[in-house]
Amino acid sequence: MQESRRERKKRETRQRIVAAAVRLFGEQGYEQTTVAQIAAAADVDPKTFFNYFPSKDEVLFADVEQDLAVLFEAIGHRKPDEGPGEVLVRMIRQYQDHRRPRVPAKELAELSELYRMVLSTPALQAKGLYLLLNLQQRIAAELLEEFPELDPITAAAMTGALLGAIQQAGLTSVQLGRSQEELWQAARHAVDIALHGLRSVRPTEATDDNP
């Protein structure tokens, strides 16, 4: 569907706010930057800022909650011959196909600054860790609902293995100075690596407490 003029303006305003916030965070520090400063730099009213983001930290995690329904819908549309590993991998690939065209292009310096900021700011570190763990738990719960014969420990391990691989591959890609395109490639490579273990798991092969 073609983007309407109103939708385009909203998207551009949102992107302008994010860009202004990232620039100010980099120049004067996250803690020292106020919402009023971000709004002024983005040429919007502070009220407009809060129409897009409920708080300052949400600017850096703006994309986390967007489009997550794609992940859960993918699990719910399990194919008859799929095991839980195949479902998880298809879930990630469908999300990437859906999300990638919607992510604004970022220069290498901007990517590096975003990661550096999150890793060096305790409040943002805590926020990022919370969001990642929460997402893993939600996906594991959806997986258990679709595969009720799968035990919770296995579901948690599978979810953590896949998302952890993607997160660490992406982080390392940025630390190595790779481009945004190479970041997407790193994520796909992480899925392939995790896949070798995930495909070996079947819901009838429940694990016990022994190593």
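What you see is a predicted model, and the numbers here were worked out from it, not measured in a lab.
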Taking every non-hydrogen atom, the tightest pair across [X] and [Y]:
{"X": "Gln32", "Y": "Gln37", "result": "O-OE1, 3.6 Å"}
{"X": "Thr33", "Y": "Leu24", "result": "OG1-O, 3.5 Å"}
{"X": "Leu143", "Y": "Val87", "result": "CD1-CG1, 4.5 Å"}
{"X": "Leu135", "Y": "Phe72", "result": "CD1-CZ, 4.3 Å"}
{"X": "Ala165", "Y": "Ala194", "result": "CB-CB, 4.3 Å"}
{"X": "Ile38", "Y": "Ala20", "result": "O-CB, 4.0 Å"}

Are [X] and [Y] connected in the hydrophobic side-chain network, where two residues link if heavy atoms are under 4.5 Å apart?
{"X": "Phe53", "Y": "Phe50", "value": "yes"}
{"X": "Leu133", "Y": "Leu144", "value": "no"}
{"X": "Leu129", "Y": "Leu124", "value": "no"}

Going through the distances and angles, do Thr121 and Glu31 end up as a side-chain contact (heavy atoms from CB on, under 4.5 Å)?
-> CA-CA 9 Å; Thr121 307; Glu31 300 292 351; 4.2 Å; yes
How long is the gap from [atom1] on [X] to [atom2] on [Y], to the nearest 0.5 Å?
{"X": "Glu82", "Y": "Met91", "atom1": "CD", "atom2": "CE", "answer": "11.5 Å"}
{"X": "Leu60", "Y": "Phe25", "atom1": "CG", "atom2": "CZ", "answer": "5.0 Å"}
{"X": "Leu88", "Y": "Ile75", "atom1": "CG", "atom2": "CD1", "answer": "6.0 Å"}
{"X": "Ile193", "Y": "Ile166", "atom1": "CD1", "atom2": "CD1", "answer": "11.0 Å"}
{"X": "Leu68", "Y": "Leu71", "atom1": "CG", "atom2": "CG", "answer": "5.5 Å"}
{"X": "Ser173", "Y": "His189", "atom1": "OG", "atom2": "NE2", "answer": "11.0 Å"}

Is it true that the side chains of Thr48 and Asp45 contain a donor and an acceptor less than 3.5 Å apart?
->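 Per modelled atom types, Thr48 and Asp45 side chains form no pair under 3.5 Å.
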Can Gln94 and Glu73 be counted as having a side-chain donor-acceptor contact under 3.5 angstrom?
->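 There is no such pair (donor and acceptor under 3.5 Å, judged by atom type) between the side chains of Gln94 and Glu73.
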Give the intermediate values and the outcome of side-chain contact (heavy atoms from CB on, under 4.5 Å) for residues Arg8 and Arg11.
-> CA-CA 5 Å; Arg8 186 182 72 254; Arg11 175 176 55 79; 3.4 Å; yes
Student check: side-chain heavy atoms of Arg6 and Lys9 closer than 4.5 Å |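 They are not in side-chain contact.
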Would Asp97 and Arg188 pass as an ion pair if we require N to O under 4.0 Å?
->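 No, Asp97 and Arg188 are not salt-bridged.
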Basic-acidic side-chain contact under 4.0 Å: Arg90, Glu86 |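 A salt bridge is absent here (no side-chain N lies under 4.0 Å from a carboxylate O).
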Is a donor on one side and an acceptor on the other found under 3.5 Å between the side chain of [X] and the backbone of [Y]?
{"X": "Thr159", "Y": "Ala155", "answer": "yes"}
{"X": "Arg178", "Y": "Leu183", "answer": "no"}
{"X": "Glu58", "Y": "Ser55", "answer": "no"}
{"X": "Gln15", "Y": "Glu12", "answer": "no"}

Would Ile17 and Arg14 satisfy side-chain contact (heavy atoms from CB on, under 4.5 Å), going step by step from the backbone distance to the final call?
-> CA-CA 5 Å; Ile17 293 172; Arg14 183 185 183 89; 5.8 Å; no
Are Tyr52 and Lys10 close enough, and set up right, to give a side-chain contact (heavy atoms from CB on, under 4.5 Å), and what steps lead you there?
-> CA-CA 9 Å; Tyr52 288 87; Lys10 289 181 65 175; 3.7 Å; yes
Criterion side-chain contact (heavy atoms from CB on, under 4.5 Å) against Thr13, the qualifying member of Val44, Asn51, Val18 =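 Considering Val44, Asn51, Val18, a side-chain contact (heavy atoms from CB on, under 4.5 Å) with Thr13 is found only for Val44.
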Verify the neighbour count for atom NE2 of His98: are there more than 12 heavy atoms of other residues, nucleotides or ligands below 6.0 Å?
->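 Correct, the count exceeds 12.
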Glu145 atom CD, over 12 foreign heavy atoms within 6.0 Å |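 Counting other residues, nucleotides and ligands, CD of Glu145 stays at 12 neighbours or fewer.
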